[in-house]
**Q** 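Here you go, one structure.
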Amino acid sequence: MIYRIKYGRYEGVKYISHLDILKLFDRATRRADLPVAYSEGFNPHPKFVFGMPIPVGTTSESEYVDITFTEVIKKEDVLNKLNDALPPSVRILEINEITEQTPNIMKNMAAAKYRIKADFEEGEIEKIVAKAHEKDELVVEKKSKSGTKMVDIRPMIFFAKKEDDALILTTAAGNEVTLRADLAVTTLAGRDLKIKSIHRLALLTKDEIK
Amino acid sequence: MSYIPDDILLSVEKPSRYTGGEWNEVIKDKNEIDIRVGFCFADIYDIGMSHLGLKLLYHMLNERKDTWCERVFAPWPDLEEKMRAEGYKLYALESQEPVENFDMLMFTLQYEMAFTNILNMIDLAGLPVYSKDRTEGMPFIIAGGGVANNPEPLADFVDVFNIGEGEEVLNEILDCYKEWKKAKKPRIEFLKEVSKIEGVYVPAFYRTEYNEDGTIKSFEPTEPEAKNPVKKRVVESYDKCYFPEKFVVPYGNVVHDRIMIEVMRGCSHGCRFCQAGFIYRPVRERSIDTIVNLADKLVKSTGYEEISLLSLSTCDYTDIAGLADRLLDKFEEKRVSLSIPSSRVDAFTLGLAERVSKVRKSGLTFAPEAGTQRMRDIINKGVNEEDLLKSARLAFEGGWNNVKLYFMLGLPYETDEDVLGIPALAKKVLDEYYDVYANRKCRRPEITVSVSTFVPKPFTPFQWCEQITTEEIKRRQQLIKTNLDKRIRFSWHNPETSVLEGTLSRGDRRIGQVIYNVWKDGGKFDAWDEYLSYERWEKAFADAGLTMEFYNQRERRENEILPWDHISVGVTKRFFRCEFEKAKRGELTKGCLEKCSACGMTSYGKGVCVNDIQN
Ligand code: SF4
C-alpha cells in the first residue's frame, strides 16, 4: 500500500539537502521498523517519491513523500512511529492513502505560499503587496544551467498580503515554472533585502491559488 | 537556534555542518551538571563524525550524570574567516554555546598534520594557545589518541595527555577534576593531582636538556607526582568495556556514515613499519555475542543501512566466518549490509567475501605493502606473491573486476629494484585477470595501485631510521609511474606531507615553536593539500633555529635518548632494537598468535599474551 505523507521541516533541518532528507527517511523508517518496500534489481532503493525540493535555508510545513509499504499498516501507526523516529525538527503532519494511479504530488501543483520575514522598513510590506498586484512587466535576470536570461516574473507572482511583521507571498511552483520566493521578494522590494526567514506554508493547485 | 546567524551560515559551504540537532545527539540541562566537556576534533565535521573514537568517548562521557560532553569541530576556513571578522568564537554543536567557559576541551589526536588546527581551535575559542598562559577559570586542554604516544611536539600547548586507551582513564580524570573543582583549589593543584593517575602525562612537570648536537641530554620530572616512565593504559576487560549502543546520525555527507563496531583491538602481526600494530598491543577480541548484541541495538537506535566491522585486521578475528554468518542472518532481511575492511591476503576467504557482498559488491583491497619478497621480509609482512596472485585470481573468478593494491615506497633499505617490483607485481595481477577471462568477454579490469610513502614512527622498529627526501620520493614515484602498465591506475601521496609527518611524529619539545610559527603565519588544515604550504613549514623551522634534517634525515644512534622514551607503550625499546636488527638481516618474526616473541606486553597480563583473548 502507498501512503502520501505530508510533513514539516523546521529550523533544525533547514540547511540539509534534498538528498539528506531521503537518507533521513530511509533511516527513520528503519528505526521505526516500518515495512518499506524496495525496488528490485542490483541496487535496491526504498520506494520513496518526494515532492519538489525546497531551497537550502527554507523551512516548510508542506512537504510530501509517497512511501510504499509491503504490508497493510494503519495510518496512525505510521504517523506515531515515524514521529518517534524523526528528529523534532521534522514532523509528520498528515497521511492519506493513495494508489499507483494517483498522480504524482507535483502533477497538479501550480504555486507555493510562503511566509517571509526580512529587514522590512516601515510601510515596506504594504508597498511590496501593492507592487505584487500591479500588472506591468517585472523583468529579472534569472540564472539557470545554460547561463543567465531576462525573464518577466510577473505571471509567476499570484498573490501577496501583510500578516503582522511578515509578508505572505504566493508564487509559481510546479513542474513547469517555479519562482524562488527570495528572488520574488527582493525584486518586488527593489532592493537587497536581508532575509531572516522563508517558510513554505502550502503547495497549491491552480484552483486553490488566491 | 544556531549560534552563528543565518545570514552567515547561508553564505558558507555546507551549513548543516554547523547546526547540530542530529538524531541521538545528547542534550542536557546545563544547570544540572558539574562538568562541561568539549570533545574536539581538529578537522571539519565531515571527517570528525567519521571517527569511531569520537563517537565512543562522546557517548561514554555522556553516560555520566555529572557531565555534558558536546562535539566541537574546526570550522572550514570560509566560516572561520567570518567568525573572526564578526567576533564569534569556537562553539559546541549541542548547546550552540562558545566553549570558552567549559571545564575541559578534549582533543583526540589522529594525525600530525592537524597540529596547527589544534592551536587554531584553542585560539578561536578565545584562549591562549600556550598552556603556561592559561589562567584560573579557563578550561583544561586534554589530549589523547594514537598521536599522543609521542606527546612532545604538543607539550607546550596541552595541559594533560592521556596515554593509551581512554575508556577508563577519562572517567578517572573527570572524577579527579570534580574533586578539585569542589575544593576550589588553584589550577596547578589539579595538574598535580591528575598526574598521579596511571597513564596521565602532564608535560609541564618535566624538563629536557639538550646536547650540543641537538640530541637529548636528559629528560627529568620536576615534580614528585610526575611519573617516569608514563605507562599507557589498557582497559580492564576488552570484551566488557564500554561500547556505545547508539551513535549520533549525521544528516549530511560525512566520510564514513555507517555503524562501526570495533571487533578487535591490536594486531598480532608486527609489521615493522606499523605504529598501530605496536601501540595497541596486545590483541584482544570482543565475543560474537557482544558484537551481535551491539549490532542489534545500534541498528535499532540509528537506522543505519550498513554495519562495518572495524579493527586493524578484521579478517584475523578468530571466528570471522561465524561472526559474519550471525550478522548476515540477522540483518539481511532488514536490508542492512555488512562491510569488512580487508587488507590481508592470506586470511582472506572468498566465500566470506561473497556473502558479505550479497547486498553490495564493492572493490577488494590487497595490501602486499612492498613489491619484492626481500622488502616484504625486511618489513615483516608475511605475504608472498603466490598467495596474492591466488587470492586475486579467486576474486576475479568470483566476478570482481575492481581490485586495489596498497604499497609503500621509501621503506628502509629499499633499492630501485624493490621499487620496480611494485609495477611488476601489479602487472602480474592484471595478467591474472586476463588469464581468467581468456577467450571470454569481460568487463574492463579496474586495478589501482595506491602507493603511500613510508613514514618512520615512534614505537616501531624503524623509529631510528632516516626518511628519504621529497626529491627522492618524487623520483621513486616517477619510477613506478613510468613502469606501470597503462591499464592500471596509479595514486600516490603528497611527498611533502609525508616528510612533514616524519619530522613531526618524531619531534621533541622544541618542535612546539615550529608549530606555533606555522600557525602564526596562517597555517591551518595542513592535512588538506590545498592548504598545506611546505615553504611555510621550512621557514618556521629556520625561524625556530631548527632543521627538518635533524629530525628526519639521519639515522638516530642506538644509545640516543629518544623524545618519547619517557612514555611506555608496553613493548620495550630492546624489542624494537632487536626487530630493527632483524629487519636489516631480512629475518621474519612470527605473529603473537603463532609464537610470542616476548615484546614486553606480558607485563599487562591481558589478551593474547596470557591466552585470554577476550580480556
Ligand atoms: S608479549 Fe608476546 S603475545 Fe604479547 S604482544 Fe608481545 S609478542 Fe605478542
Side-chain angles (χ1 to χ4, degrees), chain A residues 9-47 55-59 70-71 81-90 116-119 180 182 192-199, chain B residues 1-2 4-27 45-46 79 93-94 96 246-254 257-259 296-307 331-337 357-362 399:
Chain A
R9 49 179 295 193
Y10 306 98
E11 274 297 312
V13 290
K14 68 179 176 184
Y15 291 120
I16 78 174
S17 71
H18 192 60
L19 215 78
D20 296 339
I21 280 284
L22 197 145
K23 247 192 305 191
L24 177 66
F25 270 88
D26 182 20
R27 289 167 184 169
T29 48
R30 195 172 292 105
R31 290 192 286 260
D33 210 9
L34 292 170
V36 173
Y38 272 69
S39 65
E40 304 287 317
F42 189 59
N43 198 357
H45 286 292
K47 286 195 173 171
V56 167
T58 310
T59 55
T70 55
E71 294 164 23
K81 283 186 176 178
L82 259 185
N83 270 337
D84 286 346
L86 283 163
S89 42
V90 179
I116 302 164
K117 292 188 181 175
D119 58 341
R180 282 178 62 131
D182 52 348
D192 233 352
L193 288 170
K194 200 168 171 180
I195 292 171
K196 289 187 190 134
S197 68
I198 300 180
H199 179 74
Chain B
M1 267 295 139
S2 56
I4 308 289
D6 287 338
D7 59 324
I8 296 186
L9 287 177
L10 272 173
S11 70
V12 302
E13 227 181 273
K14 298 195 189 170
S16 61
R17 284 170 179 161
Y18 305 114
T19 47
E22 310 93 321
W23 185 253
N24 284 337
E25 85 168 354
V26 181
I27 299 289
Y45 180 91
D46 316 33
L79 177 62
L93 282 184
E94 280 74 4
Q96 294 282 318
K246 57 183 184 178
F247 287 153
V248 175
V249 184
Y251 294 115
N253 274 317
V254 299
D257 200 13
R258 56 185 74 101
I259 292 171
D296 191 37
K297 289 188 168 135
L298 283 162
V299 168
K300 284 191 182 122
S301 69
T302 63
Y304 268 128
E305 59 288 342
E306 185 178 348
I307 301 170
F331 297 113
E332 220 154 17
E333 191 204 351
K334 288 198 152 156
R335 298 184 188 271
V336 178
S337 67
S357 64
K358 240 182 209 165
V359 190
R360 195 180 314 158
K361 209 162 229 186
S362 59

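All figures in this text were calculated on a predicted structure; none of them were measured in a lab. Proteins get letters first, then strands, A, B, ... in listed order; numbering begins at 1 in each.
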**Q** For A/Arg31 and B/Thr302, indicate whether the former's side chain and the latter's backbone hold a donor-acceptor pair under 3.5 Å.
**A**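 Answer holds: yes.
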
**Q** Any non-hydrogen side-chain atom of A/Arg27 less than 4.5 Å from a side-chain atom of B/Asp257?
**A**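 Answer yes - side chains close enough.
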
**Q** Can you say whether A/Val13 sits under 4.5 Å from chain B via the side chain, the backbone, both, or neither, judging by heavy atoms?
**A**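 Interface part for A/Val13: side chain.
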
**Q** Within the structure provided, determine whether A/Tyr15 and B/Leu10 are in side-chain contact (heavy-atom separation under 4.5 Å).
**A**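 Result yes, sub-4.5 Å side-chain heavy-atom pair found.
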
**Q** List the residues meeting side chain to side chain contact (heavy atoms under 4.5 Å, CB included) with A/Leu19, not counting sequence neighbours, and say none if there are none.
**A**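 Side chain to side chain contact (heavy atoms under 4.5 Å, CB included) check on A/Leu19 returns A/Ser17.
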
**Q** So which part of B/Lys334 gets closer than 4.5 Å to some heavy atom of chain A, the side chain, the backbone, both or neither?
**A**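 The answer is both parts of B/Lys334.
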
**Q** Relative to chain B, which segment of A/Ile195 carries a heavy atom at a distance below 4.5 Å: side chain, backbone, both, or neither?
**A**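 Contact with chain B is absent: no heavy atom of A/Ile195 under 4.5 Å.
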
**Q** For A/Lys196, which atoms come within 4.5 Å of any heavy atom of chain B: side chain, backbone, both, or neither?
**A**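 For A/Lys196, backbone heavy atoms alone lie under 4.5 Å from chain B.
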
**Q** For B/Lys246, check side chain to side chain contact (heavy atoms under 4.5 Å, CB included) against everything at least two apart and list the hits.
**A**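 B/Lys246 satisfies side chain to side chain contact (heavy atoms under 4.5 Å, CB included) with B/Asn24, B/His59, B/Ser301 only.
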
**Q** Does any backbone or side-chain atom of B/Pro5 lie under 4.5 Å from a heavy atom of chain A? Answer side chain, backbone, both or neither.
**A**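 Neither part.
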
**Q** Taking all atoms of both residues into account, what is the closest heavy-atom pair of A/Asp20 and B/Gly252, and its distance?
**A**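 Closest approach of A/Asp20 to B/Gly252, heavy atoms only: OD2-CA, 3.5 Å.
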
**Q** Which heavy atom of B/Tyr251 sits nearest to which heavy atom of A/Gly12, and what is that distance?
**A**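 It is CE1-O, 4.5 Å.
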
**Q** Can you tell which part of B/Asp6 gets under 4.5 Å to a heavy atom of chain A, answering side chain, backbone, both or neither?
**A**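 Both backbone and side chain.
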
**Q** Can you name the closest pair of heavy atoms from B/Gly21 and A/Pro87 and give their distance?
**A**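 Smallest heavy-atom distance, with atoms named: O-CB, 4.2 Å.
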
